[in-house]
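Working notes, structure below.
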4 protein chains.
Amino acid sequence: MRRIPKQKRSKQRVAAILDAAEALFAVEGYEQTTTNAIAARADVPIASLYQYFENKEGVAQALIDRYVARMVDLHEQTFAVDVTALPLDTLLDQMIDPFVRFHLESPAFGHLMLGADLSNELAEATARMDEAVIAQINGLITAQRPDIAPERALHMARLAKAVVKALFALVEQHPDQAEVLVAETKRMFRAYLES
Amino acid sequence: MRRIPKQKRSKQRVAAILDAAEALFAVEGYEQTTTNAIAARADVPIASLYQYFENKEGVAQALIDRYVARMVDLHEQTFAVDVTALPLDTLLDQMIDPFVRFHLESPAFGHLMLGADLSNELAEATARMDEAVIAQINGLITAQRPDIAPERALHMARLAKAVVKALFALVEQHPDQAEVLVAETKRMFRAYLES
Amino acid sequence: MRRIPKQKRSKQRVAAILDAAEALFAVEGYEQTTTNAIAARADVPIASLYQYFENKEGVAQALIDRYVARMVDLHEQTFAVDVTALPLDTLLDQMIDPFVRFHLESPAFGHLMLGADLSNELAEATARMDEAVIAQINGLITAQRPDIAPERALHMARLAKAVVKALFALVEQHPDQAEVLVAETKRMFRAYLES
Amino acid sequence: MRRIPKQKRSKQRVAAILDAAEALFAVEGYEQTTTNAIAARADVPIASLYQYFENKEGVAQALIDRYVARMVDLHEQTFAVDVTALPLDTLLDQMIDPFVRFHLESPAFGHLMLGADLSNELAEATARMDEAVIAQINGLITAQRPDIAPERALHMARLAKAVVKALFALVEQHPDQAEVLVAETKRMFRAYLES
DNA sequence: CATGAATGAGGCTTCATTCAT
DNA sequence: CATGAATGAAGCCTCATTCAT
């Protein structure tokens, strides 16, 4: 971000811009959304947008930052207790439910994390986050099933993350069947981990 | 298509355009790819591209048609034998392997089928294909596990399809670990279906 | 015209092209009509069109020629008798009616003669034709009213021709009221010439 | 219009664009005039033109609006006095002279109002204006000649309007003989109305 | 000769971004 | 600082016309 908003009014403006961007990215996609459209929807002159953001990607970046912060919160809450001690059922609930909820509440998340053709820098940041998540899942798997070889556990973690992503997409497509689909995914994971 | 190529020369050109489009859609995505870039890569004047294709979406459409034709072939081969009689392991091999191979050989397939914001008509075609695939998976699940309620089987099929899609993305991202990831996915499905 | 059609089939083709052009010029206008559209409507390959006509204007030219030929016929018929001897009423009938009829039967005539931005050469041809018509009208006025100064008669002739053109446009706009409007115009001319 | 100019600078630009468009529409016609040519003639980047106008038709529309405003002024001035009380000679002077002057000062007026193939919306606006003018003429005729049947008066009004239009075209073609031609037209109308 | 194929030039329009008041 | 205005670069697409089989 180009200039950090200090006064209350500026903060509101920046928030308005991000909200507008979120809504537009969600329904139109990143490439299809124009900076002018964002500014118009936020009811802010385009020049003001560029006072706070370097460029279009900067807006996406800030939006991602907002998402990441919430994600970090979620992680901290999730791992506040000793998850390794939990029974598998409860563990799966705790690992999956909050993230599904988060996904449903963050309309542009999917588009930005998956669809958008962002710059290298951003892509790398995303990749780092991905790896962190995978490491965490990996730890959980190892804790649950110490008998599994570390290498294999890593592949399992990768697959698990990919499946959860797929679940997100599925839930977005059929929001009314969210619960059943989530339940089914948990069953699948459970069978997988107990096999 | 605007004009059907009759002479050999023009057939080659159309193929060259489609190949160029495939390569570009694969690395840049649909929206980011310009018709000029396609024409340039195919070493064809832009006006020639428009002799054969209505517009950019027409090119994508033709590419999809090419994919769909190959897909149909695959399906027919896969279901030439009575798959319901196969043991689960073999069944999973036969259902997943050819499609993974197909996916690896069709660079733009994922982008076009998932990412692109194509027109309604195209989106509907894709949706129809999706439903057909899900129905087929549904049939297999029911054959393997007649005890599962039809409703649940449908959800399982949906999930399975989503997971395979996720697997494709994963394999694309880590092509060197394709085999292990595929194997892991099969294990997961196996555990799931036997649970 | 580039090549004069000698065989029957070629003649039919040329006629088909001209018919197509006439229809399209009439409803779309000259500029808006594309050579490809003409060829398509005539069910003739575009390259064939260019075997018979130099370019788009060449088609218009040929169409105009066809019109001019019919016009000349009309003129000859009209002036076959000694019109100067006719009573004014009959004269007006004979001067106006056939041309209104001609106009109604020649859909593209108005567009080509008035609207189209044709080349100098063509415009000059049109202008020459105009002058010939004006001279003829001039003659009639002088015959009817020898007392009018030649200079003024020329202006009257010019005006008369313009009014008839306006009448054409009017009739095209309200074809159902053609007769009344024509009658009204004749009345006006009559009053004018008798004043 | 896409954006309403507020600062002086932008108002001048918009005026420059309209002036350029007027000049080009007048000599080339609407279809033949390109937005690039307008922008170039106004010495304005093409993107700036599109800041203020939706598209080419938007430019024409704005130009027409400018004309219509002047026309309305003219009408109001013309009908400020009780025209029905005037002697026919004076009436004709007042009805025709200002409009001929207006026409001579508005180079693109004829092209836009008559020749251009504008969209339905615009065409309807033109048609409505036409009808208003005809109604007004109709009223004058009825005032002058209460003995004429209302139906016939309407036809006379239509014809009169068409003739005036024809006069405009004529005057544009022979600007040096404008006065004589106008005088002749008045004579014709006078004879017509007194017959 | 007939015609399927080819194309340079150019038209309309948008967009991310910067300038200047 | 806020913002109305400005714009280079580029994208999509068409068309009159010619080439080459």
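Reminder, nothing fancy here: chain letters follow the sequence lines and each chain counts from 1. As the structure is a computational prediction, the values presented were derived from the model and not from experiment.
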* Does a donor on one side chain sit under 3.5 Å from an acceptor on the other, for B:Glu22 and B:Tyr67? ->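 Present: a donor and an acceptor within the cut-off.
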
* B:Tyr52 versus B:Arg3, side-chain donor and acceptor atoms under 3.5 Å ->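 Present: a donor and an acceptor within the cut-off.
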
* Starting from P on E:dT17, measure out to CG on A:Leu49 and report it in whole angstrom. =>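 Rounding to the nearest Å, CG of A:Leu49 and P of E:dT17 are 10 Å apart.
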
* At under 4.0 Å between heavy atoms, which parts of nucleotides 8-15 of chain F does protein reach? Answer with one letter per nucleotide, 5' to 3': B base, S sugar-phosphate only, - none. => B--SBBBB

Side-chain polar contacts of residues 8-21 of chain C - donor-acceptor pairs under 3.5 angstrom, sequence neighbours left out - could you list them?
residue, atom, partner, partner atom, Å
C:Arg13, NH1, C:Ser48, OG, 3.3
C:Asp19, OD1, C:Arg66, NH1, 3.3
C:Asp19, OD1, C:Arg66, NH2, 2.9

* Asked: Does the side chain of B:Thr35 reach to within under 4.5 Å of the side chain of B:Phe53, using non-hydrogen atoms?
  ->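 No, their side chains stay 4.5 Å or more apart.
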
* OP1 or OP2 of E:dG4 less than 4.0 angstrom from a side-chain nitrogen or oxygen of B:Tyr52, does that happen here? ->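 No, outside the criterion.
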
* If E:dA16 has a Watson-Crick or G-U wobble mate with both distances under 3.5 Å, name it; if not, just say none. =>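 For E:dA16, the partner nucleotide comes out as F:dT7, under the 3.5 Å rule.
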
* Partner nucleotide, any strand, of F:dC1 [Watson-Crick/G-U, under 3.5 Å] ->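 None - no nucleotide pairs with F:dC1, as no candidate has both distances under 3.5 Å.
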
* To do: Mind checking the CG-CD spacing from C:Leu63 to C:Glu57? Nearest 0.5 Å is all I need.
  =>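 Separation between the atoms: 12.5 Å.
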
* **Gap between atom NZ of D:Lys56 and atom OH of D:Tyr30 - 0.5 Å precision** =>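 Between atom OH of D:Tyr30 and atom NZ of D:Lys56 there are 5.0 Å.
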
* Is the backbone N or O of A:Phe109 less than 3.5 Å from a side-chain atom of A:Ser106, with the two atoms forming a donor-acceptor pair by type? ->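 Looks like no, no N/O pair under 3.5 Å.
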
* Asked: Do A:Phe25 and A:His111 have their ring centres less than 6.0 Å from each other?
  ->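 No - the distance between ring centres of A:Phe25 and A:His111 does not fall below the 6.0 Å cut-off.
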
* To do: Pull out every residue in residues 4-21 of chain B that has a heavy atom closer than 4.0 Å to any atom of DNA chain F, ordered by number, or say none.
  =>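 Contacting residues: none.
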
